[in-house]
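Below: the structure, in structure tokens.
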Amino acid sequence: MRILSGIQPSGKLHLGNYFGMMKPALELQQKGDAYLFIANFHALTTVSNPQELRDHSRDVALDFLACGLDPEKTVFFRQSDVPEVCELTWYLSCVTTMGLLERCHSYKDKVDKGILPTHALFAYPVLMAADILAYQSNLVPVGKDQKQHLEVTRDIAIRFNNVYGPVFTVPEPFIQDSVAVVPGLDGHKMSKSYDNTIEIFGDEKKTRKRIMSIVTDSTPLEASKNPDTCNVFALFSLFASESEREALAARYRAGGMGYGEAKKALFEIFWARFEPFRVKRAELAAQPDYVDAVLRRGAERARVEAVKTLDRVRHLMGVN
Ligand code: ADP
Ligand code: TRP
């Protein structure tokens with residue numbers, strides 16, 4: 001079974017990305033033939049500074065490798081290193097109706113947020129379909145926000161197969177409802193658009209300061225507190241074992257503990273959990289040639305599959 005997913009290099013990864021996307025993606029590498037790529041073509045729809053795009057792409061590669069991506073198990077590559085996806089995007093565009101794309105709410109949401117309504121932003125789901133179909137993927141793990149894009153991919157694959165013959169595997173989305181939304185510093189969904197994130201590889205002093213600034217209610221220090229409505233506790237629970245969770249919950253209920261102490265406990269558990277990843281990341285950052293070689297090798301392996309698909313598509317369409 002081929003499992004494929006992509007991540008846009010559009011900012012520093014935060015705890016929401018880690019628990020919502022990275023951790024599940026890394027777990028899936030044990031379950032099948034995993035493909036993971038850095039969607040730098042997609043990021044061009046929102047990032048126009050070339051150095052920023054390069055830096056973010058490198059950061060995403062380091063982050064994944066540091067957090068446990070095994071390049072022997074997972075085919076890990078940069079989207080732009082497989083140019084066949086652009087060619088496939090055009091072929092797929094020829095069976096994609098305007099109506100299908102006009103219905104996509106992600107485009108409308110992005111335009112409402114002030115992102116330039118370019119042709120690329122509008123055609124974004126077709127490039128995404130090409131990413132998925134080029135490698136004949138069976139399963140695509142994504143967040144809920146990408147569900148509609150998967151439906152578009154399936155529609156395009158079915159339509160192409162009907163018009164030209166059965167060439168594409170029709171993929172299934174894999175949406176993990178069990179992954180709760182990770183709250184940010186202000187209690188809303190953690191997101192780089194809200195500046196409420198805790199970066200997974202942030203600077204120590206800055207991270208401590210951000211954790212100490214998490215919004216809590218004004219229950220006095222001596223009073224009993226409800227762990228179930230507290231952001232600090234929700235974040236702590238993501239890292240803690242059952243017994244650590246219970247111990248902190250008991251201290252909340254008993255009273256006499258201020259939120260500052262809970263925040264300190266959160267900082268400590270987070271910092272300790274990521275320590276081995278931090279060490280690994282620093283080692284990798286000092287070996288840019290190794291990271292480049294991993295991505296190059298991944299692209300070679302991915303290209304073999306994309307070329308096979310493209311040969312068949314060109315033949316079926318009469319392009320070769
Ligand atoms: P951001 O909201 O910071 O721009 P992205 O939209 O780039 O994050 O998110 C990439 C992936 O990370 C999403 O598909 C989603 O699955 C996951 N993700 C992001 N934020 C959260 C969150 N707060 N809780 C759970 N998962 C999240
Ligand atoms: N659009 C996805 C996101 O923003 C990233 C992405 C691009 C992707 N191509 C993909 C995800 C193919 C899964 C499969 O999160």
Side-chain angles (χ1 to χ4, degrees), residues 2-26 28 34-47 56-57 59-60 63-64 67 75 77-80 82 85-86 88-89 92 104-107 109-110 113 115 120-121 123-154 156-157 169 171-200 231 234-235 237-238 302 306:
R2 179 154 302 156
I3 306 166
L4 170 135
S5 197
I7 162 85
Q8 285 200 65
S10 48
K12 299 264 184 221
L13 294 186
H14 52 73
L15 286 179
N17 299 139
Y18 179 75
F19 287 103
M21 182 268 302
M22 262 177 122
K23 198 162 165 267
L26 293 171
L28 283 170
Y35 277 50
L36 188 75
F37 66 92
I38 302 170
N40 56 347
F41 279 156
H42 277 109
L44 282 171
T45 57
T46 50
V47 180
H56 286 329
S57 303
D59 282 346
V60 169
D63 291 353
F64 269 91
C67 290
V75 177
F77 60 103
R78 246 186 322 243
Q79 187 180 30
S80 57
V82 186
V85 294
C86 285
L88 183 58
T89 301
L92 299 179
C104 289
H105 34 71
S106 163
Y107 173 78
D109 294 347
K110 287 177 179 172
K113 273 195 199 160
I115 296 173
L121 192 69
Y124 182 114
V126 190
L127 176 60
M128 184 157 162
D131 289 327
I132 297 168
L133 303 178
Y135 310 108
Q136 307 288 352
S137 316
N138 304 100
L139 202 64
V140 184
V142 284
K144 282 195 198 97
D145 57 324
Q146 297 295 317
K147 191 166 176 252
Q148 193 182 31
H149 288 160
L150 257 293
E151 283 158 10
V152 170
T153 300
R154 289 171 55 87
I156 294 175
T169 304
E172 297 288 337
F174 178 73
I175 294 159
Q176 281 194 315
D177 289 327
S178 59
V179 179
V181 171
V182 176
L185 303 178
D186 54 0
H188 295 116
K189 174 188 179 241
M190 188 178 286
S191 168
K192 60 182 171 299
S193 340
Y194 307 144
D195 188 26
N196 66 354
T197 64
I198 300 172
E199 286 174 18
I200 60 175
N231 293 324
L235 288 164
S237 301
L238 294 167

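Just follow the structure's listing: the first ligand is 1, and inside any ligand the first atom is 1.
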Quick check: does [X] get an N/O under 3.5 Å from an N/O on ligand 1?
{"X": "V142", "value": "no"}
{"X": "I7", "value": "no"}
{"X": "K192", "value": "yes"}
{"X": "S191", "value": "yes"}

Would you tell me which option among [options] has the nearest heavy-atom contact to [atom]?
{"atom": "atom 1 (N) of ligand 2", "options": "F41, Y124, F37, Y35", "answer": "Y124"}
{"atom": "atom 24 (N) of ligand 1", "options": "V182, N17, N196", "answer": "V182"}
{"atom": "atom 25 (C) of ligand 1", "options": "G16, G11, S193", "answer": "G16"}

Review point. Is Q8 close to ligand 2, meaning an N/O of one under 3.5 Å from an N/O of the other?
Key: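 Yes; at least one N/O pair falls below 3.5 Å.
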Practice item. Answer with yes or no whether the side chains of N40 and S57 bring together a donor and an acceptor at under 3.5 Å. Key: no
Review point. Cut-off 3.5 Å, side chains only: do D131 and Q79 have a donor facing an acceptor?
Key: yes
**Study point:** Verdict with supporting geometry, N138 and I3, side-chain contact (heavy atoms from CB on, under 4.5 Å)
**Key:** CA-CA 6 Å; N138 304 100; I3 306 166; over 6 Å; no
Check ligand 1 against [X] and write out every atom of the ligand that is under 4.0 Å from a heavy-atom position of the residue.
{"X": "K189", "value": "2 (O), 20 (N), 21 (C), 23 (N)"}
{"X": "M190", "value": "20 (N), 21 (C), 22 (C), 23 (N)"}
{"X": "D145", "value": "14 (O)"}
{"X": "V181", "value": "24 (N)"}

Which part of [X] is near ligand 2, with near meaning a heavy atom under 4.0 Å away: side chain, backbone, both or neither?
{"X": "L127", "answer": "neither"}
{"X": "V140", "answer": "side chain"}
{"X": "Q146", "answer": "side chain"}

Check your understanding: Does H14 come within less than 4.0 Å of ligand 1, judged by its heavy atoms?
Key -> yes
Review point. For ligand 2, which atoms, with element, lie under 4.0 Å from some heavy atom of S5?
Key: 13 (C)
Practice item. Give the numbers and elements of all ligand 2 atoms closer than 4.0 Å to a heavy atom of H42. Key: 7 (C), 9 (N)
Rounded at 0.5 Å granularity, tell me how far [atom1] in [X] sits from [atom2] in [Y].
{"X": "S191", "Y": "Y194", "atom1": "OG", "atom2": "OH", "answer": "5.5 Å"}
{"X": "M190", "Y": "T197", "atom1": "CE", "atom2": "OG1", "answer": "6.5 Å"}
{"X": "L15", "Y": "L185", "atom1": "CG", "atom2": "CG", "answer": "9.5 Å"}

Review point. For the side chain of S10 and the backbone of A43, is there at least one donor-acceptor N/O pair under 3.5 Å apart?
Key: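 Judged by distance alone, no pair lies under 3.5 Å.
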Review point. Among all protein non-hydrogen atoms, which one is nearest to atom 5 (C) of ligand 2, and what is the separation to 0.1 Å?
Key: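 For atom 5 (C) of ligand 2, the nearest protein heavy atom is G6 O, 3.6 Å.
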Review point. What residue and heavy atom of the protein are closest to atom 9 (N) of ligand 2, and at what distance?
Key: D131 OD2, 2.8 Å
Check your understanding: So H149 and Y124, would you call those rings parallel, tilted or perpendicular, with 30° and 60° as cut-offs?
Key -> tilted
Check your understanding: With a 4.0 Å heavy-atom cut-off (strictly under), which part of Q146 contacts ligand 1: side chain, backbone, both or neither?
Key -> neither
Check your understanding: Should the proximity of T197 to ligand 1, defined as any heavy atom under 4.0 Å, be assigned to the side chain, the backbone, both, or neither?
Key -> neither
Would you check if [X] and [Y] make a side-chain contact, meaning some heavy-atom pair closer than 4.5 Å?
{"X": "V85", "Y": "F41", "value": "yes"}
{"X": "R154", "Y": "P171", "value": "yes"}
{"X": "L139", "Y": "R2", "value": "no"}

Check your understanding: Which heavy atom in G187 sits nearest to a heavy atom in N231, and how many Å separate them?
Key -> CA-ND2, 3.4 Å
**Study point:** Proximity of Y135 and F77 rings by center, below 6.0 Å
**Key:**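 For Y135 and F77, the ring centres are under 6.0 Å apart.
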